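The structure presented is a predicted model; accordingly, all values stated were derived computationally and were not measured. Worth knowing before you read on, the calculation uses all heavy atoms, side chains too, and leaves out hydrogens, waters and symmetry mates.
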Amino acid sequence: MRTLLFLALAALGLYWYAERYGLAVGYPPFLPVFYWKYTGEAEYPVRVTGLYDALKVKVSGRLEEGRLRVVLLRDGRKVGERTYDGAFQDEVRFGVSPGAYLLRFELQGAKGQVRYDWVTTKFAP
């Protein structure tokens, strides 16, 4: 009985925290990320060599609230951007040249689940 009461109190505390401050659980690109009223951003550095001409980002998920923005930056300048809300499944290709890039996932009041993965690759014309 004590264990059940402890688990109920822990669940209530987690719910209170998520409602007040937001919560994100998961580890991209290997696991989906679950958001509860989460606002924040995640940045991933990407190095592109001379063999690649595109950065492919696969995004899928369902957001009950909020939105997701995928932004690719090079030297602080925006190279490409895409915004998602509701249910979505997309594969975005950003044209790139050799160098260092920053892939940013920005979330605003997100509540739901998102799975994303990225890779640099060469595509046939």
Visitor: State, to 0.1 Å, how close Arg115 and Pro29 come at their nearest heavy-atom pair, and which atoms those are.
Guide: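 So the two residues come closest at NH2-O, 4.4 Å.
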
Visitor: I need the Gln108 CD to Arg67 CZ distance, nearest 0.5 Å.
Guide: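 Answer for the CD-CZ pair, Gln108 versus Arg67, is 6.0 Å.
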
Visitor: Quick one: CD on Gln113 to OG on Ser60, what's the gap to the nearest 0.5 Å?
Guide: 6.5 Å

Visitor: Can you name the nearest heavy-atom pair linking Trp36 to Ala18, along with the distance?
Guide: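 Nearest pair, atom of Trp36 first, then Ala18: CD1-CB, 3.3 Å.
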
Visitor: Which heavy atom in Leu72 sits nearest to a heavy atom in Val96, and how many Å separate them?
Guide: CD2-CG1, 3.9 Å

Visitor: Atom CG of Leu12 and atom CG of Leu7: how far apart are they, to the nearest 0.5 Å?
Guide: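 The CG atom of Leu12 sits 12.5 Å away from the CG atom of Leu7.
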
Visitor: Heavy-atom count check: over 12 atoms from other residues, nucleotides or ligands less than 6.0 Å from Glu43 CD?
Guide: yes

Visitor: Does Arg69 offer a backbone N or O that forms a donor-acceptor pair with the side chain of Thr83 under 3.5 Å?
Guide: no

Visitor: Does Lys58 have any side chain to side chain donor-acceptor pair (under 3.5 Å) partners at least two apart in sequence or in another chain, and if so, which?
Guide: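 Lys58: no side chain to side chain donor-acceptor pair (under 3.5 Å) contacts found.
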
Visitor: Could you report the tightest heavy-atom contact between Arg74 and Gly99, atom names first, then the distance?
Guide: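 Residues Arg74 and Gly99, closest heavy atoms: NH2-CA, 3.7 Å.
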
Visitor: If we only count heavy atoms from C-beta on, is the Val48 to Leu55 side-chain gap below 4.5 Å?
Guide: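 Heavy-atom side-chain distance check fails, nothing below 4.5 Å.
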
Visitor: Which hydrophobic side chains are connected to Phe34, either touching it within the sub-4.5 Å cutoff or through other members that do?
Guide: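 Its cluster partners, ordered by chain and number, are none at all.
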
Visitor: Aromatic ring centroids of Phe105 and Trp118 under 6.0 Å?
Guide: yes

Visitor: May I ask you to list the residues sharing a hydrophobic cluster with Leu102, side-chain cutoff 4.5 Å, ordered by chain and number?
Guide: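 Val71, Leu73, listed by chain and number.
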
Visitor: Quick one, Leu68 and Asp85 - any side-chain contact, counting heavy atoms below 4.5 Å?
Guide: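 They are not in contact (no side-chain heavy atoms under 4.5 Å apart), so the answer is no.
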
Visitor: Find the distance between OH (Tyr44) and CG (Leu103) and round it off to the nearest 0.5 Å.
Guide: 8.5 Å

Visitor: For a quick test of reading the model, state the closest non-hydrogen atom pair linking Pro28 to Val33 and the distance between them.
Guide: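 Taking every non-hydrogen atom into account, CD-CG2, 3.6 Å.
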
Visitor: Within this structure, what is the NZ-CD distance for the pair Lys37 and Glu64, rounded to the nearest 0.5 Å?
Guide: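 Reported to 0.5 Å precision, the distance equals 11.0 Å.
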
Visitor: Flag the pair Leu23 / Tyr35 as yes when at least one side-chain heavy-atom distance between them is below 4.5 Å, and no otherwise.
Guide: no

Visitor: Phe94 and Glu81: which non-hydrogen atoms are nearest, and at how many Å?
Guide: CE2-N, 3.6 Å

